[in-house]
Visitor: 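Quick one: structure below, then a few questions.
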2 protein chains.
Amino acid sequence: MVGIREIAKHAGVSISTVSYALNGNPKVTEETRDRILAIAKEMHYTPNLAGRTLKKQKTNMIGLYVNGFGGDFYSHVIDGVASVLKKNNYELIVGSGGSRSRAFIPQKFVDGAIILDVAFPTELVTDYADAGNQIVIMDRDISHENVCRVMLDNNDGAEKAIAALAATQVKHYVVVTGPTNSYDSQTRLKTAIRQVEKQDDQSILVIPSDFTIPGGRKAAEIIYNMGMKDVGIFALNDELAIGLYEGFTAHHVKVGNNVKIVGFDNDLLGTYLQPGLTTVDYSKHQWGERAAETLLAMINGEAPQQDQFINTRVIHRGSLGEAQ
Amino acid sequence: MVGIREIAKHAGVSISTVSYALNGNPKVTEETRDRILAIAKEMHYTPNLAGRTLKKQKTNMIGLYVNGFGGDFYSHVIDGVASVLKKNNYELIVGSGGSRSRAFIPQKFVDGAIILDVAFPTELVTDYADAGNQIVIMDRDISHENVCRVMLDNNDGAEKAIAALAATQVKHYVVVTGPTNSYDSQTRLKTAIRQVEKQDDQSILVIPSDFTIPGGRKAAEIIYNMGMKDVGIFALNDELAIGLYEGFTAHHVKVGNNVKIVGFDNDLLGTYLQPGLTTVDYSKHQWGERAAETLLAMINGEAPQQDQFINTRVIHRGSLGEAQ
DNA sequence: TTGTATGCGTTATCAA
DNA sequence: TTGATAACGCATACAA
């Protein structure tokens, strides 16, 4: 490992001079700086991050915690976060699943954290925040001076989804939910129920599920066996919707006629369904960007808006029938 | 920041005793250890990684470099790598795009690296390897004592793809390729040509493309305009195949009859096409596992097999016609 | 069994 | 303009 000490020896100067030269400190002559930089390059010098971090107490890295990398979702969010960080000369560390990488936060190994991972315990978040770590949370409602929220406007999305179903004059409403510990699922469901209740003489059937394709298949089975006509299904995410398609197709029920479906997330797969899946869309990329911008603002001592929401819109494709 | 110094003060012992206690060194009494651990917990102590790293010269982290997170590919590989690392108490850092995270390798910020990223310059890989860093490469052919290769058996896969097309007795062979700098594309193409040449009186049309859906659409256009019958297309990845489907569908050409397609990668999207895409499959998860296992072996001073290959198999779905 | 002291690679303060 | 030196937090050889 070649360090500044060796460079100093080779250049015949002290280590502090080398450090100044490497960091572009104007204290050192241009001449000696060039000489030192040349030697550093020649010796394949690369600064040791641990040493620097120890001294500076700042890593210029931020941690993004996600629940996995699968599907057509996280990659867009990650890209959004990464683009902002890159512009601001921060490095991104993406942590998933493992609890050990979470320790990066209290260990001051990252200068801040963005969390979009239901599996990240809320208690841990508040613990870290108590210890002075700055955090942006994207998937639940935590009130803390060191925590900012950048969230999807689930209420807005759910309202629009129900409105889209209502416009097709369905007779029965069904909501297929995600896991009960999902904040997204909870809020979407709550709003959906509220919206349906506003209508006269309308009931709503809730089928608890788990945001997965098999879960959607099972839900389709249940709905099919009830033998309802003119049913409008709000699948709280697109994976469920895909499962619903599969389930109904197995019974030769064509989506868009007796059964209308609206999903949530605008997953790429939905465009490949027949008919295309009508769904609630939002910019995953922008969501990531906003989260990163907010965190950087916090780190820089600015006080960003504590609550921010990402807008949604409905994309009509065909699962509500030709009328659309 | 609470460090061992403060704990020592609170406990009325020296910092070394604290360090011993925290690291479970048997030198210290069980009694004092328990007392120190209790105090550490109470004070919310978390070891500073930079300090420890600086001292130990080992981070127990490994870097995985990928070209992005999109699609149905990287997530499986990452999961495979992560599962092995977790078992061995290593932490995973996933780097993408940014060149700054690449510096983690020479900075000794990771104990080793796994590379599956065409955008990672080969020259950089050999530089790092020269400097003694241990690397597993998954996407090209680099010969170096500090580099092991864990690669897809592209030859095997391409052979099987052409064989599957041949079994349907197509009259014309077409290969739609990836970008020219892609090792995967190069080897698949080379083998495909070799296999077709083995047959009598067979020619093969090569359409250079880029592994993307739009690229596939353009290729379909070209093929359609040539007006060939009984054409068998080997799309060197599934995204191209999806684009081909779209292109042919636009001209009301049904895949599986006059046009037969076989893809590569077994992307989830292929199962949603009509008819399902016949493709070359392999275990992405296992690929990641093998890469991680190999790297850990290298780090532990064992000398693993320098070349390893992941097997492939053809999954038949319908894009070769009913005969299959 | 515990304490003292040193060094890991870097930055930054203070003298020279 | 440069050099000597003290931190940063931790682990460990050695002394007590």
Side-chain angles (χ1 to χ4, degrees), chain A residues 1-37 39-40 43-61 103-111 131-133, chain B residues 1-37 39-40 43-61 103-111 131-133:
Chain A
M1 232 347 264
V2 36
I4 55 172
R5 226 174 302 257
E6 276 119 302
I7 298 181
K9 207 175 288 174
H10 271 250
V13 296
S14 80
I15 57 165
S16 48
T17 306
V18 174
S19 178
Y20 290 141
L22 292 172
N23 292 312
N25 191 311
K27 286 173 156 184
V28 59
T29 333
E30 206 171 319
E31 187 195 329
T32 50
R33 178 169 65 236
D34 290 349
R35 196 162 55 87
I36 288 171
L37 288 180
I39 293 177
M43 297 180 73
H44 289 100
Y45 167 77
T46 40
N48 180 300
L49 219 49
R52 167 178 295 172
T53 300
L54 194 52
K55 182 63 191 173
K56 301 247 289 189
Q57 301 293 42
K58 180 142 170 34
T59 61
N60 263 52
M61 301 199 279
F104 287 171
I105 302 172
Q107 285 166 342
K108 297 295 176 192
F109 200 67
V110 291
D111 294 340
N133 299 287
Chain B
M1 234 348 265
V2 37
I4 56 172
R5 226 175 304 254
E6 277 118 302
I7 298 181
K9 207 176 288 174
H10 271 250
V13 297
S14 80
I15 58 162
S16 54
T17 306
V18 173
S19 179
Y20 289 142
L22 291 172
N23 292 311
N25 190 313
K27 284 173 156 185
V28 58
T29 332
E30 205 171 320
E31 186 194 330
T32 51
R33 179 169 65 236
D34 289 348
R35 196 162 56 87
I36 289 171
L37 287 181
I39 293 177
M43 298 179 71
H44 289 102
Y45 167 77
T46 40
N48 180 299
L49 220 49
R52 165 179 293 167
T53 300
L54 197 51
K55 181 65 190 177
K56 302 246 292 187
Q57 302 292 47
K58 179 143 173 29
T59 62
N60 262 52
M61 301 199 279
F104 286 171
I105 302 171
Q107 285 166 341
K108 298 295 177 192
F109 199 66
V110 291
D111 294 340
N133 298 287

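It should be emphasised that the depicted structure is a prediction, and the values quoted were computed from it without experimental measurement. Chain letters run A, B, ... following the sequence lines, proteins first, then strands; residues in each count from 1.
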Visitor: With a 4.0 Å cut-off on heavy atoms, is A/T32 in touch with a base, just the backbone sugar-phosphate, or nothing at all?
Guide: sugar-phosphate
Visitor: Looking at OG1 of A/T17 and CG of A/L22, how far apart are the two atoms once the value is rounded to the nearest 0.5 Å?
Guide: 10.5 Å
Visitor: As a test of understanding, state which of B/T59, B/N60, B/N23 forms a side chain to side chain contact (heavy atoms under 4.5 Å, CB included) with B/R52.
Guide: B/N23
Visitor: Classify every nucleotide of nucleotides 10-16 of chain D by which part a protein heavy atom approaches to under 4.0 Å, writing B for the base, S for the sugar-phosphate alone and - for neither, in 5'-to-3' order.
Guide: BBBBB--
Visitor: Okay, side chain of B/R33, backbone of B/G24: is any donor-acceptor separation there less than 3.5 Å?
Guide: no
Visitor: Just say parallel, tilted or perpendicular for the rings of B/F109 and B/F104, cut-offs at 30° and 60°.
Guide: tilted
Visitor: Axis-to-axis angle across the helix from C/dT1-D/dA16 to C/dA16-D/dT1, five pairs an end, to 10 degrees?
Guide: 50°
Visitor: Where each residue is assigned the nucleotide of DNA chain D containing its nearest heavy atom, which of A/T29 and A/Q57 is assigned the position nearer the 5′ end?
Guide: A/T29
Visitor: Determine whether B/D111 and B/K58 make a side-chain contact, defined as any pair of heavy atoms from C-beta on separated by less than 4.5 Å.
Guide: yes
Visitor: Starting at atom CD1 of B/I7, determine the distance to atom P of C/dG3, rounded to an integer number of angstrom.
Guide: 14 Å
Visitor: Starting at atom CD of B/E30, determine the distance to atom C1' of C/dT2, rounded to an integer number of angstrom.
Guide: 17 Å
Visitor: Figure out the CG/P separation between A/N60 and C/dT10, and round it to whole Å.
Guide: 17 Å
Visitor: At their closest point, which heavy atom of B/V28 faces which heavy atom of B/N25, and how far apart are they?
Guide: CG1-O, 3.2 Å
Visitor: In whole angstrom, give the distance that lies between atom CG of A/N25 and atom P of C/dA12.
Guide: 9 Å
Visitor: Would you mind reading off the distance between B/Q107 atom CD and C/dT10 atom C1', rounded to a whole angstrom?
Guide: 12 Å
Visitor: Would you say B/Y45 and B/I39 make side-chain contact, with heavy atoms under 4.5 Å?
Guide: no
Visitor: Are A/S19 and A/S16 close enough, and set up right, to give a side-chain hydrogen bond (donor to acceptor under 3.5 Å, both in side chains), and what steps lead you there?
Guide: CA-CA 5 Å; A/S19 178; A/S16 48; over 6 Å; no
